[in-house]
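Report on the structure given below.
Excluded from the calculations below are hydrogen atoms, water molecules and symmetry mates; all remaining heavy atoms, backbone and side chain alike, are included. A note on names: the letters A, B, ... follow the listed sequences, proteins ahead of strands, and every chain is numbered from 1. Since we're looking at a predicted model, the values are computed, not measured.
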Amino acid sequence: MKLNQAQLEAVQYVDGPCFVLAGAGSGKTRVITIKIEYLIKNIGLLPKQILAVTFTNKAAKEMQERIETNIGKERAEQLTICTFHSLGLEILKKEYIRADLKASFTLFDTHDQLKLIDEIASQYFPRDYSENRKELLENCCEYISNIKSSLITLEEVQAQNTNLAKVFIEYQAYLKACNAVDMDDLIYKSTLLLKNNEDLRQKWSLRFAYILVDEYQDTNVSQYQLLKMLSSYYKKFTVVGDDDQAIYSWRGADSKNIENLSNDFKDLKVIKLEQNYRSSQNILELANLLIENNDHIYEKAIYSELEQGEDILLVECMDSEDEARYIAYKIIERRMLEHCKWSSFAILFRSNSQASIFEKILHGSNIPNIVYGGESFFDRAEVKDIIAYLKLIANTHDEMSLMRIINIPRRGIGKETLTKLTDFSKRYAKGSFECAMHTKFLSMLGPNEQKAIQEFCALIIKYQQAIAKGHKDIITNLITDINYSQYLQSSKLSDKAIKFKLNNIQTVIKWMFELMQGQNGQKALSFKDAVNKICMRQMLSKIDGEEEVNAVQLMTLHSSKGLEFPYVFLVGLEEGSLPHKKSLSTDAQIQEERRLAYVGITRAQKSLVISYRLNNKTVNPILTAFDKGVKLKKSRFLDEISYYKAVKKLKSQYKNANLSTEHKQKLASSALDELLKSVGSAAFEGR
DNA sequence: GTGCCCTTCGTTTTT
DNA sequence: CGAAGGGCAC
């Protein structure tokens with residue numbers, strides 16, 4: 001496929017800063033990949049001089065693969081294609097001394113972070129803490145994250161002299177004591193580092209002769225500053241973005257960065273990509289109608305030369321279960337009409353919690369499905385445990401991990417001993433692990449506790465030494481070494497649950513192994529780097545070994561960004577759900593919710609089904625009492641797209657009232673199951 | 001120090 | 001209802 005005029009211009013403009021305003025489905029990823037190829041083949045840049053920043057790991061991986069097919073694996077591997085966060089990690093890894101870290105620094109994940117903030121907040125806000133802890137915690141987290149994403153310095157925070165500021169200062173101090181950084185620090189610290197040190201700025205900006213940034217509308221102040229500093233020598237970059245798809249303002253992203261760009265770079269070249277190659281006319285028409293209700297920085301008009309396409313369906317459902325059944329039915333219907341992969345279907349929702357009902361009904365209907373994202377895997381106790389072990393081995397200063405696992409499995413180290421340890425560590429201002437090995441500390445304990453502590457420390461050190469000697473495979477011994485399965489067995493769980501948990505642990509171990517071996521053309525990582533990658537949720541293979549499976553894709557609107565699917569179901573279009581009830585108060589919030597809906601609609605290539613529920617009845621009748629507003633109201637976004645005009649057909653066949661018992665039965669999971677069997681599901685596999 | 005029972009809560013998005 | 005975490009009793 002050839003490039004159109006605008007795309008070609010975007011690829012060939014290499015003389016200075018360039019902003020590509022790329023509407024949904026306008027081939028922006030293609031422009032980036034082809035531009036990289038162009039920079040190497042026509043401009044003569046070396047692959048290692050090029051940096052491409054994406055927003056998610058998934059996008060980075062995809063881009064890497066695409067480029068590989070264009071310029072060959074060997075050259076593609078020398079490119080730097082990563083997220084802002086991994087770039088930050090890279091910088092901190094190289095400049096750890098200047099960043100006031102030890103080489104073995106590790107990452108605090110969201111759990112560690114929350115626990116720590118909880119602890120600190122309880123000291124500074126004792127009253128609020130007992131009254132509305134959750135809200136307080138949320139505020140503190142938000143505050144800390146805001147400071148970092150807005151690039152506010154520690155000195156500036158200190159000057160605020162508020163309790164929140166004190167929480168921030170103590171939080172940072174604790175992280176430092178743990179020789180750890182949090183997610184936001186990866187960008188915050190590396191940006192400050194380059195900002196305050198001319199030599200480092202020089203060094204890093206010399207390294208990248210050309211920088212490309214995808215999803216630019218979702219960058220925050222710190223990320224933008226980082227881009228500015230990294231490009232300060234050559235001043236050549238291309239950022240690609242679409243203000244209509246800005247959906248991360250809650251994370252500090254600010255599409256004002258788009259405006260700043262033209263202020264900061266007077267010679268900025270702006271190129272608009274307005275032709276959509278993804279969606280049918282009907283889908284695009286609907287998307288445009290919706291997004292017209294938002295404010296825009298640059299006007300743009302997306303158009304498509306594709307066919308009119310199928311009618312968009314708007315489906316009214318009784319409740320979630322009906323909605324899920326209807327979708328299951330539609331999927332099977334489609335598969336009977338034409339050959340298509342399960343993975344051609346996507347179900348998109350506002351929040352992760354909406355996934356489970358679809359998962360359940362699809363599963364009951366023998367429809368393979370995969371739920372993307374959702375932190376559930378990393379929320380499991382056994383996964384947190386094993387990761388804590390890995391983190392502690394990588395970095396013995398990590399107090400959070402130490403405290404988590406010092407008595408898991410049970411070693412007879414209880415509250416008493418831990419209080420002693422904490423006190424000792426405070427008194428001598430040393431890390432707990434160091435103190436735990438101190439004879440003076442050990443002498444304070446009874447013989448059993450002494451032995452337990454010593455054995456624990458010896459275990460950690462044993463692994464550290466083995467890893468230092470390069471025995472990568474030793475981590476596979478860790479689980480047996482600590483007797484984790486025995487620990488699980490003593491917890492009177494079912495055999496099935498134990499097996500499941502052990503399997504989860506094996507998954508983590510497998511990731512570690514893969515990362516350290518360097519599979520899929522990735523370079524082999526050190527133990528410590530592998531641990532950090534896992535903390536960043538950057539593993540090579542999927543959870544449960546589910547590679548690119550042929551299954552219906554279930555995901556949030558946020559994680560659907562950048563993807564496309566032939567058949568899309570956009571579900572739960574009700575007030576409170578989309579727009580979300582927590583985002584109703586300001587117009588800016590509503591606009592962001594509207595963009596979310598826009599992102600959802602524009603994922604669809606051929607067919608789009610939008611559904612909403614009439615009732616909030618959950619699977620659980622008792623919960624209905626809890627949700628006393630049983631009736632749901634149609635989303636305002638549905639009014640805005642005035643479906644009598646844009647949506648060609650209003651399908652209300654699924655209203656409960658109109659549905660005969662027989663019909664309903666047919667739609668029930670068991671019937672779907674039979675329907676599928678009677679046709680022979682094997683006939684529909686593949687293509 | 002461990003284990004069990006009780007309360008609480010279900011209200012968003014992710015590197 | 002069901003998970004998860006805190007508190008309390010052995």
Next on the checklist: Between A/Ser222 and A/Gln225, is the side chain to side chain donor-acceptor pair (under 3.5 Å) condition met? List the steps.
Outcome noted: CA-CA 5 Å; A/Ser222 288; A/Gln225 292 299 320; over 6 Å; no
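- Residue side chain A/His85 reaches the base of B/dT15 through a donor-acceptor N/O pair under 3.5 Å, judged by distance alone.
- The A/Thr417 side chain lies nearest to B/dG1 when the options are B/dT14, B/dG1, B/dT15.
- Positionally, the nearest nucleotide of DNA chain B for A/Arg411 lies more toward the 5' end than for the other of A/Leu596 and A/Arg411.
- The base of B/dT13 lies outside donor-acceptor range of the side chain of A/Arg251, with no N or O pair under 3.5 Å.
- Atom CD in A/Gln354 sits about 10 Å away from atom P in B/dT11, given to the nearest Å.
- Dashed line: the shortest gap from a side-chain N or O of A/Thr556 to OP1 or OP2 of B/dT12 is not under 4.0 Å.
- Atom CD in A/Glu138 sits roughly 14 Å away from atom P in B/dC9 (whole-Å rounding).
- As judged by a 4.0 angstrom heavy-atom cut-off over every strand, A/Asn407 is placed among residues touching the sugar-phosphate backbone only.
- Rounded to whole angstrom, the span from the CG atom of A/Asn532 across to the P atom of B/dT15 amounts to 16 Å.
- With B/dT15, B/dG1, B/dT12 as the candidates, the nucleotide lying closest to the side chain of A/Arg350 is B/dT12.
- Listed nucleotides B/dT12, B/dT11, B/dT14 differ in distance to A/Lys581; the shortest reach to its side chain belongs to B/dT11.
- In summary, A/Asp109 and A/Lys384 do not engage in a salt bridge, as defined by a charged side-chain N under 4.0 Å from a carboxylate O.
- OP1 and OP2 of B/dT14 both lie 4.0 Å or more from every side-chain N or O belonging to A/Asn57.
- When the P atom of B/dT14 is taken as reference, atom CG of A/Asp185 falls 21 Å away, rounded to whole Å.
- To the nearest angstrom, C1' of B/dT12 lies 11 Å from CG of A/Leu578.
- Between A/Lys581 and A/Glu575 there is no salt bridge, since no side-chain nitrogen of the basic residue lies less than 4.0 Å from a carboxylate oxygen of the acidic one.
- Cation-pi geometry between A/Lys528 and A/Phe105 is satisfied (NZ or CZ under 6.0 Å from the ring centre, within 45° of the ring normal).
- Rounded to a whole Å, the CD1 atom of A/Ile590 is 16 Å from the P atom of B/dT12.
- Distance A/Ile453 CD1 to B/dG1 P: 10 Å, rounded to the nearest Å.
- Using a 4.0 Å heavy-atom criterion, one finds that A/Phe84 contacts no nucleic acid atom at all.
- In this structure, the aromatic ring of A/Trp250 is positioned over the six-membered ring of the base of B/dT13, centres within 5.5 Å and planes within 30°.
- Counting heavy atoms from C-beta on, the side chains of A/Ser320 and A/Arg613 come closer than 4.5 Å.
- Nearest to the side-chain atoms of A/Met183 among the listed nucleotides B/dT15, B/dT14, B/dT12 stands B/dT15.
- Phosphate contact (OP1/OP2 of B/dT14, side-chain N/O of A/Thr110, threshold under 4.0 Å): absent.
- The CD atom of A/Gln113 sits 14 Å away from the P atom of B/dT15 (whole-angstrom rounding).
- Comparing the same atom, C1', in C/dG2 and in B/dT13 gives a spacing of 25 Å after rounding to whole Å.
- In the set B/dT12, B/dT13, B/dT15, the nucleotide with an atom closest to the side chain of A/His580 is B/dT12.
- Toward the 5′ end of DNA chain B lies the nearest nucleotide of A/Leu418, the other residue of the pair A/Leu418 and A/Ile247 mapping further downstream.
- Closest to the side chain of A/His558, from the set B/dT15, B/dG1, B/dT13, is B/dT13.
- In this structure, A/Lys561 is positioned above the aromatic face of A/Phe55, its NZ or CZ under 6.0 Å from the six-membered ring centre and within 45° of the axis.
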